[in-house]
**Student:** 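One structure follows; several queries about it will come next.
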Amino acid sequence: MPKVTTVIRCAVIQFPGSNCDTDCQAALNSFPGVQAEIVWHKETSLAGYDLIVLPGGFSYGDYLRCGSIARFSPIMGAVRLAASTGVLVLGICNGFQILCEAGLLPGTLMRNRGLLFRCEHQHLSVEYTGTPFTSGLNKGQVLDIPIAHGEGSYFADKATLRELNANNQVLLRYADADGVTSDEANPNGSLENIAGICSHGRNVFGLMPHPERVCDALLGGTDGRAIFQSILDSISKTSAARV
Amino acid sequence: MFFVFQGFWLVVEAFSPDFPILMKAVVTVMPKPAILDPAGVAAGRAMEHLGLKGVLSVRIGKSIEIEVDGANEAQLHEIAHDLLSNPVVEDYKLTILS
C-alpha cells in the first residue's frame, strides 16, 4: 500500500479589500505539512479544506459597516456549510467582523471607544484552553500579539454575554503584561476586555489581534505561532482519529 | 387587435400590486438607545466647544436613499434588516416616499 502523507489543507479567503491574506498564508505555510491556498471570495466550494481563514483587511472598503457586505459574498455559503459540519473557521480582525455579521459568532464589533485606529502590540490573557484553537496554550498565559483596528470594540447584549461566559466561549481578553484584564489594558472599550470568542460548537473562532503578524522572530515576535500550532495539532489529532 | 392588447396591459398595471413600479424610499439607521455612540459623544463635545450650551445627547446614524424599480415594501424591510442595519446594535426606520 502506498504511504499516505497527510497534508493539512488551509483556505485563506480573499475578499476585495483583504490585506492580511498573504500574511496568513505565509504564516500557515511556515509550519511543516501545511498547504495554505488563497481562495477568491467568488468561489462557492470549500470542500476538502481542514481550516478556513477569514483574514484581516478592509473588505469592500468597510463600506456600510465592517464585514457587512463581505458577509453576502458567494463564498460565505460554503463557509457556513463548512462551519456547520465542524470544519475549523478562524476569523482574524476583519475576518472576525465578517463572522459576527454573518451570525456565525454572536455579538458585533463597534467603533473603538477612543475613536482612534489602534495599531500596536497588545498583551492578551488566555481564558480557556478547551478548544482546537487554544489547546496548546495554558490558562492565564499572556500572549503578545499586535492589534490594528478602528472597529474592535466587542459588544453583545447581556444575555449573550452571560451565555458566552457560562459556556467558556471567551478565549482571549485584553490584558496588561502581567495578565491582568484591567480597563487600562483595554485598547478599544470591548465589553469585559473581550479580544476573541468561539462559537458554541467551538469550531469557529474570531479574534481582533493578528497572530499571523507574530509568527517569525524577524517580524518582532513569535507568540502567534502558539495559536496556529494549537489549530494544526488539533486537526492532526482529528484526522488521525478518523483514520 | 393591437388596441385590445394595450387595454389589457393597462388593466394589469392598475390592479396588480406586484407590477413593477418605481419606488423611492429612505432607510434611517440609528444606534439603539442603550448603545454608547462614541462618535456622537465626540461631536457633542465639539458642539459645546463651539459655544452651544446644554448639549444633552448626540447620536450619529445613517440615512440611505433608495430608488428601486420593481420591489415591494416587504423586500425593502428585509434588505434594511439584513444588510443596511445590524440588529444587534442598530434600529432602522423605512419610509416610502413615493
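Computed from a prediction, not measured in an experiment: that's the story for all the values here. Note on naming: letters A, B, ... go to the chains in the order of the sequence lines (proteins, then strands), and numbering restarts at 1 for each one.
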**Student:** Would you compute the distance between atom OG1 of Thr108(A) and atom CD of Glu90(B) and round it to the nearest 0.5 angstrom?
**Tutor:**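 Answer rounded to 0.5 Å: 8.0 Å.
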
**Student:** Tell me if the CD atom of Glu120(A) is crowded by more than 12 foreign heavy atoms within 6.0 Å.
**Tutor:** yes

**Student:** Quick check: do Ile35(B) and Met110(A) have side-chain heavy atoms less than 4.5 Å from each other?
**Tutor:** yes

**Student:** Do the side chain of Arg71(A) and the main chain of Asp82(B) share a donor and acceptor less than 3.5 angstrom apart?
**Tutor:** yes

**Student:** Pull out the residues in residues 38-51 of chain B that come under 4.5 Å of chain A, heavy atom to heavy atom, sorted by number.
**Tutor:**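 Checking residues 38-51 of chain B against chain A gives Pro38(B), Ala39(B), Ala42(B).
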
**Student:** For chain A, which candidate among Val29(B), Leu84(B), Asp37(B), Ile64(B) shows the most heavy-atom pairs at distances under 4.5 Å?
**Tutor:**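 Answer, by heavy-atom pair count under 4.5 Å with chain A: Leu84(B).
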
**Student:** Using non-hydrogen atoms only, which part of Leu115(A) is less than 4.5 Å away from chain B: side chain, backbone, both, or neither?
**Tutor:**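 Contact with chain B: side chain only.
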
**Student:** Considering residues, nucleotides and ligands other than Phe72(A), do more than 12 of their heavy atoms fall under 6.0 Å from its CZ?
**Tutor:**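 Counting other residues, nucleotides and ligands, CZ of Phe72(A) exceeds 12 neighbours.
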
**Student:** Measure Val88(B) against the heavy atoms of chain A and call it side chain, backbone, both or neither at under 4.5 Å.
**Tutor:** both

**Student:** Find the distance between CG (Leu83(B)) and OG (Ser68(A)) and round it off to the nearest 0.5 Å.
**Tutor:**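 Between Leu83(B) CG and Ser68(A) OG, I get 6.0 Å after rounding to 0.5 Å.
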
**Student:** Which atoms of Arg113(A) are under 4.5 Å from chain B, going by heavy atoms: the side chain, the backbone, both sets, or neither?
**Tutor:**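 Only the backbone of Arg113(A) comes within 4.5 Å of chain B.
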
